[in-house]
Structure formats: C-alpha cells, structure tokens
Amino acid sequence: MDMIQVTINSRKIDCEKGTTLYELAGQYGNCLERDIITAKVDGVVKELTSDLHEDCEVRFCTYAEDEGKKAYVRGITMMMLKAFYKEVPKDQFEKITVENSLDTGFYCTLQGAEVTEDLLERVEARMRKYVEDDMVFEKKSMSVDKAIRLFQERKMFDKCSLLKYRRSSKVNLYRLGKVMDYFYGPMPYSTGVLKLFRLQKFDDGFVFIVPRADRPDELPGFAPSMKLHNKLKQTSEWGLRLGAEHVGQLNDVIVNGGMRELIMVQEALHEKRIGDIAEQIAASGKIRVVTIAGPSSSGKTTFSYRLSAQLKTLGLKPHPIAMDDYFVNRVDTPRDSEGKYNYECIEAIDTAQFNEDLGKLLAGEEVQLPTYNFISGMREYNKPMLKLSEGEILIIEGIHGLNDKLTEKIPAENKFKVYISALTSLNIDEHNRIPTTDGRLLRRIIRDARTRGHGAQKTISMWKSVRNGESENIFPFQEKADEMFNSSLVYELAALKQYAEPLLFRVPRGSEEYAEAQRLLKFLDYFLGINPEEVPLNSILREFIGGGILLD
C-alpha cells in the first residue's frame, strides 16, 4: 500500500495515495466550525473530489475564506438554474443572466417569463429540497467540440462563443442531476453545504442573497444603492450597444477586426459622460467645490484631469487641491487594530483645517495651502499664497470625497460630489460574472509594478486591507454622490492581459498569494490580447499601463 504524508493545520498525517480531499475532510475537518467547501493543496485551490498522490500541505476552506465563498456562490447559481428550469415552462424559458453583485446579493434577469413572488417562492422551495437531498456536483471532462455542440442544442450561444477560443482540447463541465453547465472555478462537493440563501424580487428581475464574508453564519438583509444599480443597468446597456456583453463576443470583435471601432465608441461614451457631468456643474452657477471619490484603481486622477478639461471648455477655471496634504502629523495619526498607522480613516485628515481653508478661499480670501511631507510625517507651508479668481472652481480628489464631514462647513449648494468606480459590464458568460474587483486588482498590479516597483505578490497581499478600507470609508457614502461615473472599458481586460500575465507568473508557488495569481491567470486566458498602442493617449486605462498624455 503506497502511503503519502499530508500536513493539515500543522499536523502531519499518513494516508493512502489516492485519498480524496472529501475523505480527508470527513476524517479531519471536524475541528472547523463551518462546512468545508473547497481546499488549498500547496496553495492551489482544489475541489474536494480531487485525490492526492504525493506529500502535500492541505488547508480546508469554509465560507469564511474567499475561495470558499466563491465556490458557494457558484454552487447556489447552478442549483438556482436547475430549479428555474423545473419551474418555468420550456416554451416560456429563454435564459437567466447573472448580471452583477449588488449589496448582499447577486442581481439576475429572466427572459421569456415574468418574475413573480409566486415563481420565486416555488424556485426557492425547490432549491431547499436540493439542499436536503445533498446532491453531488459531478465534474465531467469532455472535448471542447462536444461541449460546444451540447450548448448549441441548449441555445447557450454565449458559452459556445466562449469555448470557441479555448486553447485546450478539453473542458470541464458540471452536472447536477440532469442539468449540465460550465462554471469558472471550483464547485462545492454537494448541495448539502448550500444552506443559507434567499431569493427576492427586485426591479426587473430578482436577487439571490447570501451571507456576508464577515458574518458567514447569518443571512443579511438587502439594502442596495439604487444609484449604483441604475449605473450598472446603464453599463449593461452600453455592453449591448457595443456588441460585447460577454467575453466570447469581445473575442469575436477582435478576430473580425472591429476592435479599433469598439475602442473609439467606448472612449466616446466616456467623453460624453464626462462632458455631461461638467455641463451639470457649470449649469448650476453656484458650485464651487467638486469632490471625486472612489475605490482603488478607479482612475480618479485621470478622471479629474478630463473633467477639468471639460469644465474649461465651459468657461470655468478648475484648481486642484490634494486631500493628502491635509493629513494630520504622523504622531497624531490613528492606528488600526494591528497598531499600524491608519491613513484610510477620515480622522487621519485634518478636516477642521481643510474646511477653514476652503471657506476662506470661497470667501475670496488669500490662503497658503499646506504640503504633507511623507518622509518627515509633518505638514509644511512652502507653497505660494492662493486666491481664487472669478469662475475658479476647486477640484478635490480623494478617498473621503463623499463624506460630508470632509466639507461640512461648505453649503450643500456650493459642492458637487462624484463617485467613480470601474463597474465592468462584461461577463464571462451569462452564468459567470466578472467581479468588478478583478478588473481593479489587475489595474493596480500593473500600476504598482510600473510606478512603485511592487511585484504582483505584494499588491495581492495588500488587496484585502485595501478593500476593507473601501468598505469602511467609501461604499457607505456612495449613495450621497450627485453623480456616478463608470470608468471601466469593455475592452480593457484584453489590453491589460499583456501587462498582467508576466507579473502574475512571478508570484512564487507556495506563497499565500499564489492561488490568487493562478486564478487571475486562468481568468485572463479567456481573453484574446490586443495591441496596447490602440489605447488612446488620454484614456483612463493609460493611468495604469502608462504612456498617456495626462499623467506621464
């Protein structure tokens, strides 16, 4: 009998070669408080059906880990699709599309039949029966040609066009009962772990709600930002207009020589939207302060330059103010739970001085603005005095731009708040969405390597902390924005691919960041690359890949 040594939670265990992760989980997973959904084997995410053939380290993943939650959502999605196929008559059913994440849920649309409370109740009841039956997700490997024929028969043409560009001759599909589908990433072993979910009617479709990552054992309420939802719907309409709703369609455009026109139209949509915002600001006649805020790698700096250019065409004189120059002295900076300086919280900004200086400027007084010395950790006053001239408007870009505390002394009629984020409209296919955070993370990996000399491993290691800061300091205030701007570009992942792949391949095997790097590499493999020289020099994408005329 051939034996191997497996390390689980620092404990070395001898087991028979060919033992599955599911068998190991049954024997040694009872020390965990939650159901095991997937596992990491030497840093690589695996399904529990995987068997082991050599010495390795295993770490089981529950819903509390990102890898576990993603697999949970995929499992819920397939279970939900199976239930809809049963509850909606075949002559009415056209398709279900998982559009985007929204608050604690995932917004979906149903074509061919009306979404009613009664239908959702029946679907949810059927899903709960599947959980009770503990149905196994079966993984089936087949040739790409056979998979394409299967999806053609089922009129899943988005999956056909996706697989058409697959380089491997084989593809893994999943079977749940008689339903077969393709999913990007590992699935749970069975439906028995998918206990917490709820379906709820919303807008033209519905949402399926799952637990928050920080509270994996309870089902939350659903309180979406309607401004964000409407912006996401507009973005989906743009994707439809551009003929690139999913990756297969984008690849078709590239292959058929239509990328230059698509880039031109997409960038024109951006410019028109920025111009619309500028006209709204100018038309008020009272706005003197514009604040711009959004999560990391949204393109805030380039947006502020392009907005300033549009404001100039309308006769206004934009003047930038750097929020970072108002950091309190380092010794007065709050610390986080780990004892590190917390530059993300609003208490790290001297809001009292900021409001005082803005008030004086808007009153026509002369003010000397500070400069923050990041080496000494002290504010310095070495800039020339500033006095606003007629028609001059202040442009302030920074993390707290939507928080009224930042500009609490400025009358509401005198300020205008813009929320900017990269809300991708592109999905892998109708059942596999692209998280907006993936696009932003790839943007940041590329920019950090180019401007800060950071490897992808370091950027990935910091990403969780960055996102936690966004959840605390940006997302709670997004509904306060006067306008929202979507900085994503439907073609950008095809352009980012060439820059990101070499950086991701450098992340060492065995590191904590290796699994995420491999996931992103697999994700980018869906895309055909394009020549980055096609990206316009004033594009928001140039903030990340370089070579632009606004920042470089």
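Atom set for the values below is all heavy atoms of this structure, side chains included, hydrogens, waters and symmetry mates excluded. These figures come from a predicted structure and were not determined experimentally.
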Checking the side chain of [X] only, and the main-chain atoms of [Y] only, is there a donor and an acceptor separated by less than 3.5 Å?
{"X": "Glu23", "Y": "Thr20", "result": "yes"}
{"X": "Lys300", "Y": "Pro295", "result": "yes"}
{"X": "Arg260", "Y": "Glu534", "result": "no"}
{"X": "Ser50", "Y": "Glu47", "result": "yes"}
{"X": "Glu87", "Y": "Val123", "result": "no"}
{"X": "Glu65", "Y": "Thr62", "result": "yes"}
{"X": "Thr109", "Y": "Gly205", "result": "no"}
{"X": "Lys82", "Y": "Val179", "result": "no"}
{"X": "Ser487", "Y": "Gly299", "result": "no"}
{"X": "Ser488", "Y": "Leu423", "result": "yes"}

Problem - Student check: side-chain heavy atoms of Asn427 and Asp158 closer than 4.5 Å - result: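 Result no, sub-4.5 Å side-chain heavy-atom pair not found.
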Is the distance between the ring centroids of [X] and [Y] less than 6.0 Å?
{"X": "Phe151", "Y": "Tyr182", "answer": "no"}
{"X": "Tyr85", "Y": "Phe93", "answer": "yes"}
{"X": "Tyr499", "Y": "Phe544", "answer": "no"}

Do the charged groups of [X] and [Y] touch, with an N to O distance under 4.0 Å?
{"X": "Asp438", "Y": "Arg519", "answer": "yes"}
{"X": "Arg59", "Y": "Glu512", "answer": "yes"}
{"X": "Arg509", "Y": "Asp42", "answer": "no"}
{"X": "Glu492", "Y": "Arg443", "answer": "yes"}
{"X": "Arg440", "Y": "Glu470", "answer": "yes"}
{"X": "Asp133", "Y": "Lys129", "answer": "yes"}

Might you point out which heavy atoms bring [X] and [Y] nearest each other, and give the distance in Å?
{"X": "Ser461", "Y": "Glu513", "answer": "CB-OE2, 3.3 Å"}
{"X": "Val88", "Y": "Ala113", "answer": "CG1-CB, 3.8 Å"}
{"X": "Ser296", "Y": "Trp463", "answer": "OG-CZ3, 4.0 Å"}
{"X": "Thr436", "Y": "Thr424", "answer": "CG2-N, 3.7 Å"}
{"X": "Ser168", "Y": "Val144", "answer": "O-CG2, 3.2 Å"}
{"X": "Pro536", "Y": "Glu267", "answer": "CG-CG, 3.7 Å"}

Practice task
Starting at CG of Leu21, measure out to CD1 of Ile8 and round the result to the nearest 0.5 Å.
Solution key: 8.5 Å
Handout entry: Separation of Gln249 CD from Leu240 CG (nearest 0.5 Å)
Key =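 Answer for the CG-CD pair, Leu240 versus Gln249, is 8.5 Å.
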Handout entry: Pairs satisfying salt bridge (charged side-chain N to carboxylate O under 4.0 Å, His left out), at least one member in residues 106-121, at least two apart
Key =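 Non-adjacent pairs meeting salt bridge (charged side-chain N to carboxylate O under 4.0 Å, His left out): Asp118-Arg122.
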Practice task
Keeping to residues at least two apart or across chains, list the salt bridge (charged side-chain N to carboxylate O under 4.0 Å, His left out) pairs with something in residues 94-109.
Solution key: Lys95-Glu430
Just wondering, are more than 12 heavy atoms of other shown residues or ligands nearer than 6.0 Å to [atom1] in [X]?
{"X": "Lys46", "atom1": "NZ", "result": "no"}
{"X": "Lys522", "atom1": "NZ", "result": "yes"}
{"X": "Arg166", "atom1": "CZ", "result": "yes"}

Practice task
Could you tell me how the ring of Phe183 sits relative to the ring of His431: parallel (under 30°), tilted (30 to 60°) or perpendicular (over 60°)?
Solution key: parallel
Practice task
Quick one: sort the Tyr189 and Tyr22 rings into parallel, tilted or perpendicular, breaks at 30° and 60°.
Solution key: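 The rings of Tyr189 and Tyr22 lie parallel, inter-plane angle below 30°.
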Practice task
Please determine if Arg128 forms a cation-pi arrangement with Phe197, meaning its NZ or CZ atom is less than 6.0 Å from the six-membered ring centre and no more than 45° off the ring axis.
Solution key: yes
Handout entry: Tyr419 six-ring centre to Lys227 NZ/CZ under 6.0 Å and within 45° of normal
Key =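 Negative - Lys227 is either too far from the ring of Tyr419 or too far off its axis.
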Exercise for the section: Check the pair Lys70, Asp66 against salt bridge (charged side-chain N to carboxylate O under 4.0 Å, His left out), reporting the backbone distance first and the verdict last. Expected result: CA-CA 6 Å; Lys70 286 175 178 174; Asp66 190 51; 3.0 Å; yes
Handout entry: Verdict with supporting geometry, Asp181 and Tyr174, side chain to side chain contact (heavy atoms under 4.5 Å, CB included)
Key = CA-CA 5 Å; Asp181 208 336; Tyr174 290 93; 5.9 Å; no
Handout entry: Side-chain donor-acceptor pair present, Asn251, Tyr526, cut-off under 3.5 Å
Key =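 Checked: Asn251/Tyr526 side chains show no N/O donor-acceptor pair below 3.5 Å.
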Exercise for the section: Determine, stepwise, if the pair Thr302 / Arg542 fulfils side chain to side chain donor-acceptor pair (under 3.5 Å). Expected result: CA-CA 8 Å; Thr302 300; Arg542 288 288 179 183; over 6 Å; no
Exercise for the section: Just grab all the side-chain hydrogen bond (donor to acceptor under 3.5 Å, both in side chains) pairs involving residues 196-206, residues at least two apart or on different chains. Expected result: Asp203-His229, Asp203-Lys233, Asp204-Lys233
